[in-house]
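The structure appears right after this line, and notes come after that.
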2 protein chains.
Amino acid sequence: MGSLTEENYIKSIYALSQATGEVYLSELAKKLDVKLPSVNSMMKRLATKKLVAYAPYKGIRLTEKGKKEALAIIRKHRLAELFLVKVMGLGWEEVHDIAEQLEHVNSSRFYERIDELLNSPKFDPHGEPIPDSNGKIHTQKRTSLIDLAEGLTATITAVAEDEKLFLDHLNTKGLQIGDAVTIKKRELFDGSITLQHKSKKEILLTHQVAERIWVEV
Amino acid sequence: MGSLTEENYIKSIYALSQATGEVYLSELAKKLDVKLPSVNSMMKRLATKKLVAYAPYKGIRLTEKGKKEALAIIRKHRLAELFLVKVMGLGWEEVHDIAEQLEHVNSSRFYERIDELLNSPKFDPHGEPIPDSNGKIHTQKRTSLIDLAEGLTATITAVAEDEKLFLDHLNTKGLQIGDAVTIKKRELFDGSITLQHKSKKEILLTHQVAERIWVEV
DNA sequence: ATAAAAAGTTAGATGAACCTAATATTTTAA
DNA sequence: TTAAAATATTAGGTTCATCTAACTTTTTAT
Ligand SMILES: [Mn+2]
Ligand SMILES: [Mn+2]
Ligand SMILES: [Mn+2]
Ligand SMILES: [Mn+2]
C-alpha cells in the first residue's frame, strides 16, 4: 500500500477512467485540486511503482495492479458508508466525507467485521456497487433520469454521492434509492422534469438534479 | 487541529507526563521511535503553536491548550476501542492498533454517534477512563497487582493495553476487567504471584504480567 | 497552414518530517 | 572535581508532496 496521497490519486484516476479509459493529467489536477506539475511528478512515481502506465505527453491509465488497488480502496469507502448508515444511524448525506477518511484505515479485521455485520452487501447507500474482496465489481449500465421518455416508469438505482447539498435536496423532495417514479412531463425550455412518485405527490426536479439520478426501467 | 504526526507527539507527551509532569526529549524519541533531532525540531514547532512549553536544555510540558488537544485525541482513541469491542464485536486484544488510526478521524458527527450508541461510556475496554467531551477525565489512583499483600482480595480495574501478546496471554489465563482475585502467594525469588480467581482455578502470573494489571481493593 | 489555446514538462523552491554527524550542555559517577 | 555518560542542539541532507515560472508539445480554430 502506498501513502494516503498516492491512494487518493489512484482512486481519482480510476473514477475518471470510467468514461474513456484514458485520463488527462489536467482532469486529474482539477479533480484533486492540485497543479499540473504536481500531477506530473506523481505520475512518474506511480509509473515506477507500476501502478499507472505513463508516457510523456500521453494520457495515463491504471495498470492491473493499479486497478486492483483502486478497487480495494473503493470497497473500503463504500463498505464504510453503508456501515455508517446501517449500523451507526447516520444519514446518507453525511457519510461520504467520513468514508473519505475511513477508506485509508489499514486493518483487514476492521473491514472483515464491517462486511460480516452488513452481510456482504452489494451496494452502498447511494446505490453504487461494492467490489468484493477480490476486486470484482458489478458495473451496471446506468440511465439518467434526464434520458427517460415521458410516460415511462423506472426505479431509482443510484444517485450522485459527493455533494451534501444535493442529497439534502433529495431528502426534502423525499426521494430514495428503490423508489418507483413515472416521468409526467419533460420541459423543453429548461430541461426540468415532473415526476409521479409513490408518495402520490408530483415532484419537480431541475435538470441539474435529474442528471444526478440514475434509474432502471 | 494539527497533522497526524503532531497529534501523535502531543499524545505521547501527555502519556509520558503522567508520571512526572515533565518529559525528556529522549523519552519521547524512544516512545515515538524517532531520533532526538526530530523530536527537538518538532518541539520548536509545537512551542510556536503554544502546545508545549519549551526552553533549550529543559524538559518540556504541555500547555493547557496542548493538554486539551491530547485529551481530545485520547477520548477519540478510547471511544473507538470500546465501539470496536461493543458494537463491532472485536476482541480487546485487537482494537488498540485500529484505534491508533481512528483517533485521527476528523468528524464530530462520527464520534458523537459512537458516544450516543455507547451511552456516554466512562471506561474503555482496558479499564482506562474516557475523557468527556470537555476534556475532563477521572484519574484513579492505581494499584498494581505486584503491590498487593498476600491474602488481600481485589477487583481488576485496568490492564496495559498496547501489547497484543499480553492481552492474548490474559485471554488464555481467563482474566477480565471486573474480576475479583485473591493473592494466594507472592514468590520472593522471581516476583511471580498465585491468584485465586472466581473461576475457582488458581492462576499463576509472572511479575512481568502482574505489573501490567491494576486493581482496586 | 499557421496562430492561438490547451495540455504537459522541466527547473527550481518550499515546508513537513525525518535522518546522520558533529557539537554543546547537563548529570552522574569515579 | 574532573572524566564519562546522558541528554540536547545545530548543521546539513533526504524524501514526499506541493508550488510558480518558463518552456515544449499537441490540439483546435481561423
Ligand atoms: Mn462516497
Ligand atoms: Mn457512496
Ligand atoms: Mn489503546
Ligand atoms: Mn484502551
Side-chain angles (χ1 to χ4, degrees), chain A residues 1-17 19-62 66 69-70 73 100-101 103-104 106, chain B residues 1-17 19-62 66 69-70 73 100-101 103-104 106:
Chain A
M1 246 189 338
S3 66
L4 185 145
T5 310
E6 278 176 24
E7 289 192 356
N8 284 333
Y9 271 89
I10 294 290
K11 192 170 55 123
S12 293
I13 296 168
Y14 182 90
L16 292 172
S17 63
T20 52
E22 250 193 14
V23 177
Y24 294 97
L25 301 211
S26 47
E27 289 181 287
L28 242 191
K30 192 173 187 181
K31 174 142 194 168
L32 290 165
D33 197 26
V34 295
K35 303 297 175 183
L36 261 175
S38 307
V39 174
N40 188 257
S41 60
M42 181 58 93
M43 288 315 102
K44 289 175 179 173
R45 173 138 38 107
L46 295 181
T48 65
K49 293 191 175 186
K50 308 276 187 212
L51 290 163
V52 302
Y54 165 80
Y57 292 106
K58 296 266 148 42
I60 45 171
R61 50 177 70 237
L62 290 177
E69 176 146 352
I73 302 163
E100 287 286 324
Q101 300 179 62
E103 74 191 8
H104 303 291
N106 176 18
Chain B
M1 246 190 338
S3 67
L4 185 144
T5 310
E6 278 175 23
E7 289 192 355
N8 284 333
Y9 271 89
I10 294 289
K11 193 170 53 121
S12 294
I13 296 168
Y14 182 89
L16 292 173
S17 62
T20 52
E22 252 195 12
V23 177
Y24 294 97
L25 302 209
S26 48
E27 291 181 286
L28 242 190
K30 192 173 188 182
K31 173 140 195 170
L32 290 165
D33 197 25
V34 295
K35 303 298 175 182
L36 260 175
S38 307
V39 174
N40 187 256
S41 60
M42 181 58 92
M43 288 316 102
K44 288 175 180 172
R45 173 136 43 104
L46 295 181
T48 65
K49 293 192 176 186
K50 309 276 187 210
L51 291 162
V52 303
Y54 165 80
Y57 292 106
K58 295 267 146 43
I60 45 170
R61 49 176 71 236
L62 289 177
E69 176 145 352
I73 303 163
E100 286 287 323
Q101 300 180 62
E103 74 191 7
H104 303 290
N106 175 17

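Below, chain A is the first sequence line, B the second, and so on; all start at residue 1. These figures come from a predicted structure and were not determined experimentally.
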Within-4.5 Å side-chain heavy-atom neighbours: B:Ile13 and B:Met43: yes
Spacing between B:Glu27 atom CD and D:dA6 atom P, to the nearest angstrom: 15 Å
d(CG, A:Asn40; C1', C:dT10) in whole Å: 8 Å
Rounded distance (Å) that lies between atom P of C:dT9 and atom CG of A:Leu28: 12 Å
Whole-Å distance separating the CD atom of A:Glu6 from the P atom of D:dT15: 15 Å
Protein-to-nucleotide contact annotation, 5' to 3' order, nucleotides 18-29 of chain C [B base; S sugar-phosphate only; - none; under 4.0 Å, heavy atom]: SBBB--BSS---
B:Met42: which of B:Leu46, B:Asn40, B:Val39 passes side chain to side chain contact (heavy atoms under 4.5 Å, CB included): B:Leu46
Side chain of A:Lys44 (C-beta onward), nearest among C:dT9, C:dA7, C:dT10: C:dT10
Distance test, side-chain N/O of B:Ser26 to OP1/OP2 of D:dA6, below 4.0 Å: no
A:Tyr14 vs A:Ile10 side-chain heavy atoms within contact, under 4.5 Å: no
Heavy-atom side-chain proximity of B:Lys31 to B:Lys11 below 4.5 angstrom: no
Side chain proximity check, B:Val23 to B:Val52, heavy atoms < 4.5 angstrom: no
Gap between atoms CD1 and C1', on A:Ile60 and D:dT26 respectively (whole Å): 17 Å
B:Lys30 NZ - D:dA8 C1' separation (whole Å): 17 Å
Heavy-atom side-chain proximity of B:Glu69 to B:Ile73 below 4.5 angstrom: yes
